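To keep things clear, I will list the structure first and then write my remarks on it.
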Number of protein chains: 2
Amino acid sequence: MLILEALEEHGTLRFTQIGRIVSGISQKMLTQTVRRMEEDGLVKRTVHPVIPPHVDYELTPIGHSLSEAFCGVWVWAEKHRDEIERARRAFAEANGSKRRPA
Amino acid sequence: MLILEALEEHGTLRFTQIGRIVSGISQKMLTQTVRRMEEDGLVKRTVHPVIPPHVDYELTPIGHSLSEAFCGVWVWAEKHRDEIERARRAFAEANGSKRRPA
DNA sequence: CGGAATCCAGATTGATACTG
DNA sequence: CAGTATCAATCTGGATTCCG
């Protein structure tokens with residue numbers, strides 16, 4: 001989802017640019033994920049045969065449509081994140097104390 | 001997502017009923033998932049102290065809202081499933097043959 | 001019925017080193 | 001720059017058994 005959103009917002013990006021935007025991802029996971037997205041037809045991968053190598057990634061129409069589909073979830077997450085956090089703490093306080101008494 | 005949709009469509013359900021609707025899920029995963037959903041405040045879990053035990057699950061308002069948020073993804077998946085499948089086969093034929101020559 | 005506890009094979013992932 | 005290859009550690013999920 002993060003890569004999807006990165007490409008949705010920034011348009012065409014290079015490998016390391018995606019890596020910087022989706023900070024915390026290992027280059028292995030980045031490679032695997034963009035490859036799978038390419039397989040699925042969500043992204044187009046363009047290799048420019050120059051030295052040093054230059055590879056561009058951009059969303060396909062299907063990729064864009066998935067990004068839009070996820071928009072609702074994205075908005076939901078932002079909106080309810082705090083509420084979820086509170087629910088977790090409330091649950092921990094109600095049930096956790098019975099399992100891990102002081 | 002499957003559990004969420006099951007509860008969204010059928011309303012209140014019992015443990016084994018969810019298991020039947022979400023067929024293929026192990027009871028371990030079912031337990032884990034409904035527990036996490038309960039922790040997150042997405043579902044309400046009601047235990048009726050009778051023998052044999054009777055436990056009901058239903059979505060909370062937040063759970064319903066998440067279900068709605070996922071609706072777009074759900075529709076997208078149905079709509080583009082075939083397209084994704086085709087893209088995968090096309091990719092396999094274009095690239096796989098170079099790595100695994102006949 | 002609705003779980004909890006245990007065991008275990010296999011999938012994921014990060015870290016690291018190497019390459020054209 | 002944009003990867004690939006490999007190892008090790010972790011995490012996951014399924015199967016099984018037991019319980020009130």
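Computed from a predicted model, the values in this text were never measured in an experiment. Just so we're on the same page: letters track the sequence lines, and every chain starts at 1.
- Atom CD in A/Q32 sits roughly 7 Å away from atom P in C/dT13 (whole-Å rounding).
- Linking Ile, Leu, Val, Met, Phe, Trp and Tyr whenever their side-chain heavy atoms come within less than 4.5 Å leaves A/F91 and B/L42 in two separate clusters.
- Distance, B/I51 CD1 to C/dC1 P: 14 Å, rounded to whole Å.
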Please tabulate, one pair per line, each protein N/O and nucleotide N/O from nucleotides 16-20 of chain C that are separated by under 3.5 Å, including the distance.
residue, atom, partner, partner atom, Å
C/dA17, N6, A/Q27, NE2, 3.4

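- The CD1-C1' distance, from B/I18 to C/dG3, rounds to 13 Å in whole Å.
- To the nearest 0.5 angstrom, B/M37 atom CE is 6.0 Å from B/L59 atom CG.
- For C/dG3, one of the phosphate oxygens OP1 or OP2 lies less than 4.0 angstrom from a side-chain nitrogen or oxygen of B/Y57.
- Between A/R88 and B/E39 no salt bridge is recorded (no basic side-chain N to carboxylate O distance below 4.0 Å).
- At whole-Å resolution of the value, CG in A/L13 and C1' in D/dA2 are 15 Å apart.
- One hydrophobic cluster, built from ILVMFWY side chains closer than 4.5 Å, holds both B/M1 and B/I25.
- Overall, the helix from C/dC1-D/dG20 to C/dG20-D/dC1 carries an axis bend of 50° between its ends, with five pairs at each end and the value rounded to 10°.
- For the pair B/R36 CZ and D/dG13 P, the interatomic distance rounds to 7 Å; values are reported in whole Å.
- Here C/dC1 presents its P atom at 13 Å from CG of B/L30, a figure rounded to the nearest Å.
- Under 4.0 angstrom from either OP1 or OP2 of D/dA2 there lies no side-chain N or O belonging to A/R45.
- Under the 30°/60° scheme for interplanar angles, the aromatic rings of B/H54 and B/H48 are found to stand perpendicular.
- Applying the side-chain contact (heavy atoms from CB on, under 4.5 Å) test between B/I18 and each of B/L2, B/T33, B/L30 identifies B/L30 as the sole match.
- Counting to the nearest Å, the P atom of C/dG2 and the CD atom of B/Q17 are 8 Å from each other.
- Side-chain nitrogen and oxygen atoms of A/T16 include at least one within less than 4.0 Å of the OP1 or OP2 phosphate oxygen of D/dA2.
- Clustering ILVMFWY residues whenever any of their side-chain heavy atoms sit less than 4.5 angstrom apart, transitively, puts A/V50 in a cluster other than the one holding A/F15.
- Counting to the nearest Å, the P atom of C/dA11 and the CE atom of A/M29 are 15 Å from each other.
- For the residue pair B/H64/B/E8, the side-chain donor-acceptor check at 3.5 Å is satisfied.
- Distance check, rounded to the nearest 0.5 Å: CD of A/E83 to CD1 of B/I62 gives 3.5 Å.
- Remark: B/R14 is not in phosphate contact with C/dG3, judged by side-chain N or O atoms under 4.0 Å from OP1 or OP2.
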